[in-house]
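Reckoned from all heavy atoms, side chains included, excluding hydrogens, waters and symmetry mates. Chain naming here is simple, since letters A, B, ... match the order of the sequence lines and numbering starts at 1 in each.
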Amino acid sequence: DVKVTQSSRYLVKRTGEKVFLECVQDMDHENMFWYRQDPGLGLRLIYFSYDVKMKEKGDIPEGYSVSREKKERFSLILESASTNQTSMYLCASSPWTGQNIQYFGAGTRLSVL
Amino acid sequence: QKEVEQDPGPLSVPEGAIVSLNCTYSNSAFQYFMWYRQYSRKGPELLMYTYSSGNKEDGRFTAQVDKSSKYISLFIRDSQPSDSATYLCAMSPGSGSRLTFGEGTQLTVNP
């Protein structure tokens, strides 16, 4: 079974804090993704990565950065958290070739106060 | 206009009903079609996968793709309370491409 593990299920942070969300996958997948999910807006892609040390902006990258130093790990960084970044954050991974199926972690519910 | 349109519901049905969930899309390049199920406060999990047009059946679930109409459907037969979840459609043009998701339809099956 593919396993995508997100380091925290729930997180509460204060405005202005630097926040790190960690994601690890155990299937040697090349591709990794970070989404946020909000009611009425669905899943929105923040950043993705096709390889180590490589990153591509998604649809809503503003206020976020990412890091991929190892193939299995993809980190999302909120440089200075704001209340409008309160959301459910989902990490996913997929192999480079094949059926293009993405496998998701359980999500991190982040509240910024 | 969104590339993928999905009625967000909510949809409420009695146990045992046949449920039909649908998505329409505008990008004719889409070839890979998926349905994900997401339980409350959990991550999405893959439910059905279809390549190109046609039907696929897995137990009580049937996925249909009509590329000529740019329309995909998920049917749930003999629906159960455990089917209560949000169902998201997703699609992409090719292997390695990013997925485009629908907004998700919230389904409740009442005992």
Side-chain angles (χ1 to χ4, degrees), chain A residues 1-6 8-11 21 23 25 27 29-51 54-61 87-111, chain B residues 1-10 21-25 27 29-52 54 56 58 63 65 72 74 85-107:
Chain A
D1 264 3
V2 176
K3 192 153 178 125
V4 179
T5 303
Q6 294 184 231
S8 304
R9 291 300 310 276
Y10 301 94
L11 215 50
L21 302 182
C23 176
Q25 50 95 3
M27 283 303 291
H29 285 167
E30 288 79 12
N31 305 332
M32 296 189 76
F33 307 83
W34 274 108
Y35 297 89
R36 64 177 284 177
Q37 187 176 34
D38 302 286
L41 297 175
L43 279 166
R44 292 182 290 169
L45 183 63
I46 304 171
Y47 267 97
F48 59 103
S49 169
Y50 287 140
D51 203 350
M54 179 273 177
K55 60 185 178 184
E56 293 282 346
K57 291 180 180 179
D59 299 320
I60 51 163
S87 186
M88 172 74 140
Y89 289 87
L90 290 160
C91 174
S93 73
S94 72
W96 174 249
T97 59
Q99 297 172 325
N100 211 28
I101 295 168
Q102 291 186 15
Y103 299 88
F104 285 84
T108 296
R109 187 164 293 275
L110 172 67
S111 295
Chain B
Q1 187 185 352
K2 293 179 183 176
E3 214 170 1
V4 177
E5 298 277 358
Q6 183 177 9
D7 186 342
L21 305 170
N22 311 294
C23 289
T24 59
Y25 62 94
N27 187 346
F30 286 148
Q31 295 189 78
Y32 297 81
F33 303 92
M34 289 153 239
W35 286 95
Y36 284 83
R37 178 175 61 195
Q38 185 176 20
Y39 290 116
S40 182
R41 299 186 181 275
K42 297 284 178 67
E45 57 177 344
L46 182 71
L47 187 61
M48 298 286 284
Y49 166 86
T50 311
Y51 172 70
S52 193
K56 185 171 184 179
D58 184 2
V65 175
I72 70 170
L74 176 71
T86 296
Y87 291 81
L88 300 109
C89 63
M91 47 199 83
S92 76
S95 178
S97 306
R98 51 181 288 181
L99 291 179
T100 302
F101 287 87
E103 189 180 332
T105 300
Q106 185 181 340
L107 171 68

Expected output: side-chain [X] to main-chain [Y] donor-acceptor under 3.5 Å:
X: A:Asn31; Y: A:Pro95; result: yes
X: B:Lys56; Y: B:Tyr49; result: yes
X: B:Thr86; Y: B:Gly104; result: no

Tell me, for [X] versus chain B, whether the close heavy atoms (under 4.5 Å) come from the side chain, the backbone, both or neither.
X: A:Arg9; answer: side chain
X: A:Tyr89; answer: neither
X: A:Gln37; answer: side chain

Relative to chain B, which of A:Gln6, A:Glu56, A:Arg109 shows the most heavy atom pairs under 4.5 Å?
->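 Going by pairs under 4.5 Å, I would pick A:Arg109.
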Among A:Gly107, A:Ala106, A:Gly42, A:Ala92, the residue with the most heavy-atom pairs under 4.5 Å to chain B is A:Ala106
When B:Glu45, B:Gln38, B:Gln6 are compared by non-hydrogen pairs under 4.5 Å with chain A, the top option =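 When all of B:Glu45, B:Gln38, B:Gln6 are compared, B:Gln38 has the most.
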Take the angle between the ring planes of B:Phe30 and B:Phe33 and call it parallel below 30°, perpendicular above 60°, tilted in between.
-> perpendicular
Counting only non-hydrogen atoms closer than 4.5 Å, does [X] touch chain A with its backbone (N, CA, C, O), its side chain (CB onward), both, or neither?
X: B:Tyr36; value: side chain
X: B:Gln31; value: neither
X: B:Phe101; value: side chain
X: B:Pro44; value: both
X: B:Leu46; value: side chain

Could you tell me which residues satisfy salt bridge (Lys or Arg N to Asp or Glu O under 4.0 Å) with B:Lys2, sequence neighbours excluded, listed by chain and number?
-> B:Glu103
Go through the steps for A:Ser87 and A:Asp38 under the test side-chain hydrogen bond (donor to acceptor under 3.5 Å, both in side chains), then give the verdict.
-> CA-CA 6 Å; A:Ser87 186; A:Asp38 302 286; 2.8 Å; yes
A:Gln102 and A:Tyr35 side chains, donor-acceptor separation under 3.5 Å |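 Yes, A:Gln102 and A:Tyr35 have a side-chain donor paired with an acceptor closer than 3.5 Å.
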Does the side chain of A:Leu43 reach to within under 4.5 Å of the side chain of B:Leu99, using non-hydrogen atoms?
->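 No, too far: nothing below the 4.5 Å cut-off.
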